[in-house]
Engineer: 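Just passing along the structure, written as structure tokens.
Bear in mind the structure is a predicted one, so any value in this text is a computation, not a measurement. Throughout, protein chains are lettered first and strands after them, A, B, ... in sequence-line order, and every chain is numbered starting at 1.
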Amino acid sequence: MADKRYLDAIHDGLHEEMARDARIVVLGEDVGRKGGVFGVTDGLYQAFGEARVLDTPLAESTIIGVALGMSVNGLLPVPEIQFADFIHPAFDQILSEVARLRYRSNNDYDCPMTIRVPYGGGVHGALYHSQSIEAFYAHIPGLKIVAPGTPEDAKGLLKAAIRDPDPVIYLEHKKLYRSIRGDVPDGDHVVPIGPAVVRRPGRDISIFAYGLMLHESLAAADALGREGVEAEVVDVRTIKPLDAGTILESVERTNRALIVHEDNRFAGFGAEIAAMIAEEGFRFLDAPPTRLGGPDVPGVPFSTPLEDWFMLDAGKIAAAARNVVAY
Amino acid sequence: MADKRYLDAIHDGLHEEMARDARIVVLGEDVGRKGGVFGVTDGLYQAFGEARVLDTPLAESTIIGVALGMSVNGLLPVPEIQFADFIHPAFDQILSEVARLRYRSNNDYDCPMTIRVPYGGGVHGALYHSQSIEAFYAHIPGLKIVAPGTPEDAKGLLKAAIRDPDPVIYLEHKKLYRSIRGDVPDGDHVVPIGPAVVRRPGRDISIFAYGLMLHESLAAADALGREGVEAEVVDVRTIKPLDAGTILESVERTNRALIVHEDNRFAGFGAEIAAMIAEEGFRFLDAPPTRLGGPDVPGVPFSTPLEDWFMLDAGKIAAAARNVVAY
Amino acid sequence: MSVPDTRAKPREDVTPQSLGLSEADVLDMYYYLRLARAVDDRMWALQRSGKAAFVISGQGHEGAQVGTVYALNREKDWLVPFYRSVAAVLTKGMPAAEIFLIQLGKAPDPSSGGRQMPGHYGHRHYKILSTSSPVTTQCLHAAGIAYAAKVRHTGEIALTELGDGSTSEGDFAEALNFSAIHRLGVLFVVENNGYAISVPLSKQMAVPNVAARAAGFGMAGVTVDGSHVLHAYAAAREAAARARRGEGPTLLEVLVPRLTAHSSDDQQEKYRSADEIARDRARDPVHVFTEELRGWGILTDVREKEILSRIQHEIDLGTEMAEEAALPDPATATRHVYAEPPDPRFRA
Amino acid sequence: MSVPDTRAKPREDVTPQSLGLSEADVLDMYYYLRLARAVDDRMWALQRSGKAAFVISGQGHEGAQVGTVYALNREKDWLVPFYRSVAAVLTKGMPAAEIFLIQLGKAPDPSSGGRQMPGHYGHRHYKILSTSSPVTTQCLHAAGIAYAAKVRHTGEIALTELGDGSTSEGDFAEALNFSAIHRLGVLFVVENNGYAISVPLSKQMAVPNVAARAAGFGMAGVTVDGSHVLHAYAAAREAAARARRGEGPTLLEVLVPRLTAHSSDDQQEKYRSADEIARDRARDPVHVFTEELRGWGILTDVREKEILSRIQHEIDLGTEMAEEAALPDPATATRHVYAEPPDPRFRA
Ligand SMILES: Cc1ncc(C[n+]2csc(CCOP(=O)(O)OP(=O)(O)O)c2C)c(N)n1
Ligand SMILES: Cc1ncc(C[n+]2csc(CCOP(=O)(O)OP(=O)(O)O)c2C)c(N)n1
Ligand SMILES: [Mg+2]
Ligand SMILES: [Mg+2]
């Protein structure tokens, strides 16, 4: 057991996997000598060499397209997209090629790879360095998506993703890199893709969140607790496939659901969770399943008052929870 | 009033607008001499010339990227994407540029354009010629999205889109082109972006659909009617912005909701409608708001038995409706 | 504005002898050429008779495909095809019967089990990558395959095919650039038939030959007349040798006629003159290679008959087998979205 | 593998006289050069003092930007900038104060009202298109602007700027191709500073100069030493003249040093040697142009003092004004997603 930053947990998981499996190749912009713009791949270039830690040209479609070819021909690629905001030029390669190769070839080909994607706001990144992208990719059959919220999960889910036989999008929240520390089990610690986990038990309302919002939701639950409202906080952590069972069991206990994500609300991933709860947990519900998402503007604005306005926090989450409880 | 095919209604609307507004430029692959692979732009090249009816290189990012520049410099572009399945290389230009230009420039720039996108299955098009894309674009603030289901709306919504001050994605269902006819008012007929419409009144359940599924839902409603179940069918028509008012009023009348789309179900656009109903129409509901969507496989498979398995039809919709009514 | 004119020059000098090819070799190439045409004709017959929903044809492209793929080590190297690659996949080893299984969307189709449209070839056993519909994406896949071959020291090279119009997608430039930077063993074979559906080359690019693009990426670029099987073979053999020497990729442009409409859904008379269509007929690689082989005294009536009857037999057997094969069972349609078994507890 | 070596040759011949430029003209260019550097230095000062969250600098690129933009009709033509375009936007007419408003994210910032990060310039009044962060997308916007100018017969041309690394995105090739096909009036100015953040040119492309790419698209390609304002000016003036004659686009590569880290978030010592960083200092366009102007007897101590004090005044005023300006009101954050007024009945 060691106390680590979220950033270091990702780095260590990646380093351990590369040492374990010589097929693994890391590729992306600035992942080599610089060790990534956030330092996640720091030292890998020196440890594993240029062939396995590849500074690609500045082209995201290239990063994913060549990763598919590498995967088909015996390597295990771990491409990095520098910022989630810049994954869009690779949308076609991910949707049309990576996600569909196994299905369209009727299992003759597969395409294991782990696409690491730093995402999220609250970092003064403005419209183009703050984006959340899970809603777009959650709708693509053939992909898996994880969004770890703790250092332990950051390492354990990365290992699970790398060892998964299918393509996985690994969403790492930029604001958690250095702001969150936690115990990380030593050794070969794997957290399976799929299961959600109850981070805080409660009987009055269930709050569903992931990434940065997990921590804001836990803080909100503490505030609510001081008011005598016991909120249960569920860390969704795997977005696709979704752990409907754990989510519904929680709603069955609390009879109230609040779904929280920092991404834009309209047609966001929260809609899937809310719709699933409404449809399959209907009889459990004493109040409307409620979504709290980012405002529906085209991105997180830069200037501090605007960014603060956009980003959800414990206060906004607690306020929304009170309304649901008061229904 | 004239009886027209869906295809011709689009063609006529486009021709009338081009004659009315010299700023309009149509651009895309094969839109010129060939008149489009479906014939929608047939004759425009001859009528308006090469400069205004432009065969672009085979590059979707080009089609949208240059359209933005045209829009900024005094033209009114109506780009065509040959198949929705091939819009993905333009995802970045649409999401990062077209949808955001007004917001990021604080209204100093705008970007009116109408992106015509033939979409949908049931045409033996398999994985890459059958796709629905509304879920991806519904999540992008700054865009509007329409999906006409009738010849009248096909013409009227196209005119509204072209005259709209913001970028509009115009989704035309390939299977409706030649299979659906209907009355189209003569002259300058505009159907406003926004309002949904009740196509068939009923008291027992509300079915929400658009595009091809509107027609399958109406057929399902007829079948249910013969069983004494009165289904109300609401044509959503505008996906973004969504007419929550009309949808909620319908649920208030029927107390039951079935949302139907041919696109994959998981994290599809139906989730937004279902979540909105669950949250804002909670007290109206006597049964779970239920989604019926395409199976969660990476695309519509080719072979007839597989395509039939994938595509929703009146029978599957009626069966789902019966379950909701029986709840 | 200086554009190196790399238009194909007539090359009288190219003969089986000059290339060190045996009669058996060239007759083998001839067999694949005629086989591809016969398979293609049968595809159209199946469509006209209502048995197949759609045809996308390789007619006119076969000579270039046979010649270039024949230059590979066909067991060891990779083929990353596109929808016109009928001759290429046959030459790479795919039996004719498999093409009819794809054409009819039957369950035993090894390319996709009836999931993909006709023309979407793939089969790992023959090292033919699965084809999708979005054009040009495959160029980056070929580059990635070649990168893996390089770091794994397998000695494999990758040949990928695309059309002239498809060179306009950004992925084409990206693939050339990545391959050139890492000096990868990739042959980018652009089958230039002058059209992208209805869009002529003049609206697709401002250069007479797309091979001119190679220099700006730091790689070799060559244009040959793809109606001559041996010209395509010679150029591909040089490119493959360069690749194996670690001298990097080659952009090989083969000039070919499109002898049919774009597909069974297209009417090319709307955008091509009768003259032009007629002129293209003279460039038919089947005609050209037949004449050449006769001129070299390699092809006799007897040999041609033998080859054609052998092909006829294969085609008939393949069609029969494909027609008798079962359609896919809808119960299988949810399989292989993910590796099996999926965990039933979770939704996607 | 033949790559036309278009590396910049030293050009003693380029002088104000040879270009028909008056002393006033070149001193005006010099003013913009020094202004850009002074603005840039102030941006860093604001960041170090904690008033600005982030800086992305144009230091080293200013000479090339002043020279190329000066060759435009600055009222009539379009500038489609990128994040290093400090000197370009100033030369195009944007007041220094506006840059400080962006830098501090203040409400009156005309580029974005404080919505975008520093470095995202735009202002319709000066015909400067709004900048986004995804690299290279702007190349297609410039092409579209030029297409509109062509069909509307406005006589406008468009100059767009990007970095060497950004030429690897597919959009770059697509923009060159579209512009060449339609012979559009676009100047693609690639500011080659040898790095994309930490990635050196050798890992970005296999050619010594990206201008080599032009020929393969059927357009003009030129490389000049961007540390020499007048070399950049001369090349851009020729390119603009070509464009106005309807002879199409030019890919103009300007070789520049990157005199700072990539941004305030980067430490370049990790991937660049102290030697190299020192060598780049000698290529500082401010130093080079100052020496040239003195050599030509155009710049005197007196004149330089005048210019610098005028600049100092502008900078101080601009900073003061920007610091005093209000921050954006969150109540405005939902405005301008769509044209106003939005219809309250509908959700998006
Ligand atoms: C990304 C993408 N856009 C559009 C299409 C539709 N489409 C299929 S083939 C084709 C023309 C291809 O022309 P070319 O590359 O010259 O190949 P050819 O068919 O002439 O052999 C088009 C536009 C597609 N398949 N993929
Ligand atoms: C599509 C996209 N991918 C990645 C980034 C992150 N990024 C910002 S600047 C940069 C390097 C650009 O290098 P270059 O084009 O040479 O311009 P320079 O900064 O050197 O002037 C990168 C990778 C981005 N902004 N957009
Ligand atoms: Mg072609
Ligand atoms: Mg650079």
Engineer: Is B:P195 close to chain D through its backbone or its side chain, or both, or neither, when contacts mean heavy atoms under 4.5 Å?
Structural biologist: both
Engineer: Counting heavy-atom pairs closer than 4.5 Å to chain D, which one of B:I145, B:L75, B:D243, B:T62 comes out on top?
Structural biologist: B:T62
Engineer: Please determine, among D:T154, D:I181, D:I145, D:D343, the option with the most heavy-atom pairs under 4.5 Å with chain B.
Structural biologist: D:I145
Engineer: Could you tell me which portion of B:L242 (side chain, backbone, both or neither) has an atom closer than 4.5 angstrom to a non-hydrogen atom of chain D?
Structural biologist: both
Engineer: Are a donor atom and an acceptor atom from the side chains of D:T332 and D:D329 found within less than 3.5 Å of each other?
Structural biologist: no
Engineer: Salt bridge check: are B:E97 and B:R104 linked by an N-O gap of less than 4.0 Å?
Structural biologist: yes
Engineer: From D:L79 CG over to D:H123 NE2, what is the distance, rounded to the nearest 0.5 angstrom?
Structural biologist: 13.0 Å
Engineer: Need one label for B:I64: side chain, backbone, both or neither, based on atoms under 4.5 Å from any heavy atom in chain D.
Structural biologist: neither
Engineer: Would you kindly check if the NZ (Lys) or CZ (Arg) of D:R115 is within the cone defined by 45 degrees around the ring axis of B:Y103 and under 6.0 Å from the six-membered ring centre?
Structural biologist: yes
Engineer: Verify the neighbour count for atom CZ of B:R163: are there more than 12 heavy atoms of other residues, nucleotides or ligands below 6.0 Å?
Structural biologist: yes
Engineer: With a 4.5 angstrom heavy-atom cut-off, which part of B:D164 approaches chain D: side chain, backbone, both or neither?
Structural biologist: neither
Engineer: Output yes when D:R183 and D:E247 qualify as a salt bridge under the 4.0 Å nitrogen-oxygen rule, no when they do not.
Structural biologist: no
Engineer: Is D:Q116 in contact with chain B via its backbone, its side chain, both, or neither, using a 4.5 Å heavy-atom distance?
Structural biologist: side chain
Engineer: Quick check on the interface: out of B:P165, B:G74, B:S96, who has the most heavy-atom pairs with chain D under 4.5 Å?
Structural biologist: B:G74
Engineer: Before we go on, tell me: are the rings of D:Y147 and D:H182 under 6.0 Å apart, centre to centre?
Structural biologist: yes
Engineer: Identify which part of D:V337 has an atom lying under 4.5 Å from any heavy atom of chain B, answering side chain, backbone, both or neither.
Structural biologist: both
Engineer: Before we go on, tell me: are the rings of B:H15 and B:F48 under 6.0 Å apart, centre to centre?
Structural biologist: yes
Engineer: Counting only heavy atoms closer than 4.5 Å, note whether D:P110 contacts chain B via side chain, backbone, both or neither.
Structural biologist: backbone
Engineer: Taking side chain as everything from C-beta outward and backbone as N, CA, C, O, which of these in D:A173 sits under 4.5 Å from a heavy atom of chain B? Side chain, backbone, both or neither.
Structural biologist: neither
Engineer: In terms of heavy-atom pairs under 4.5 Å, which option from B:P57, B:P167, B:S61, B:A59 contacts chain D the most?
Structural biologist: B:S61
Engineer: Flag the pair B:Y137 / B:F269 as yes when their ring centroid distance falls below 6.0 Å, and as no otherwise.
Structural biologist: no
Engineer: Can any side-chain N or O of D:K106 pair as donor or acceptor with the backbone N or O of D:A322 at less than 3.5 Å?
Structural biologist: yes
Engineer: Under 4.5 Å, counting heavy-atom pairs only, tell me which of D:G122, D:A158, D:P134, D:A142 racks up the most with chain B.
Structural biologist: D:P134
Engineer: Of the backbone (N, CA, C, O) and the side chain (C-beta and beyond), which part of B:L54 lies under 4.5 Å from a heavy atom of chain D, both, or neither?
Structural biologist: side chain
Engineer: Is chain B contacted by the side chain of D:S111, its backbone, both, or neither, given a heavy-atom distance below 4.5 Å?
Structural biologist: backbone
Engineer: Please identify, among B:T238, B:L101, B:L143, the residue contributing the most non-hydrogen atom pairs under 4.5 Å to chain D.
Structural biologist: B:L143
Engineer: Using the rule given for salt bridge (charged side-chain N to carboxylate O under 4.0 Å, His left out), can you reason through B:K34 versus B:E29, listing the C-alpha separation, both sets of side-chain angles and the distance that settles it, and then say yes or no?
Structural biologist: CA-CA 10 Å; B:K34 182 172 167 70; B:E29 296 153 9; over 6 Å; no
Engineer: Just give me the residue among B:R102, B:R100, B:M70 that pairs up with chain D most often, heavy atom to heavy atom, under 4.5 Å.
Structural biologist: B:R102
Engineer: Given heavy-atom pairs under 4.5 angstrom as the criterion, report whether the side chain, backbone, both or neither of B:D166 touches chain D.
Structural biologist: side chain
Engineer: Looking only at heavy atoms, what is the nearest atom pair of B:R291 and B:A274, with distance?
Structural biologist: CG-CB, 3.9 Å
Engineer: Of all of B:S71, B:G194, B:G245, B:P77, which one pairs up most often with chain D through heavy atoms under 4.5 Å apart?
Structural biologist: B:G194
Engineer: Side chain, backbone, both or neither: which part of D:E156 has an atom under 4.5 Å from a heavy atom of chain B?
Structural biologist: side chain
Engineer: Report the option among D:W78, D:F178, D:F346 that has the most heavy-atom pairs separated by less than 4.5 Å from atoms of chain B.
Structural biologist: D:F346
Engineer: Testing the 3.5 Å rule here: is there a donor-acceptor pair between the side chains of D:E169 and D:T136?
Structural biologist: no
Engineer: Which residue out of D:T131, D:D109, D:N177, D:V80 racks up the most heavy-atom pairs below 4.5 Å with chain B?
Structural biologist: D:T131
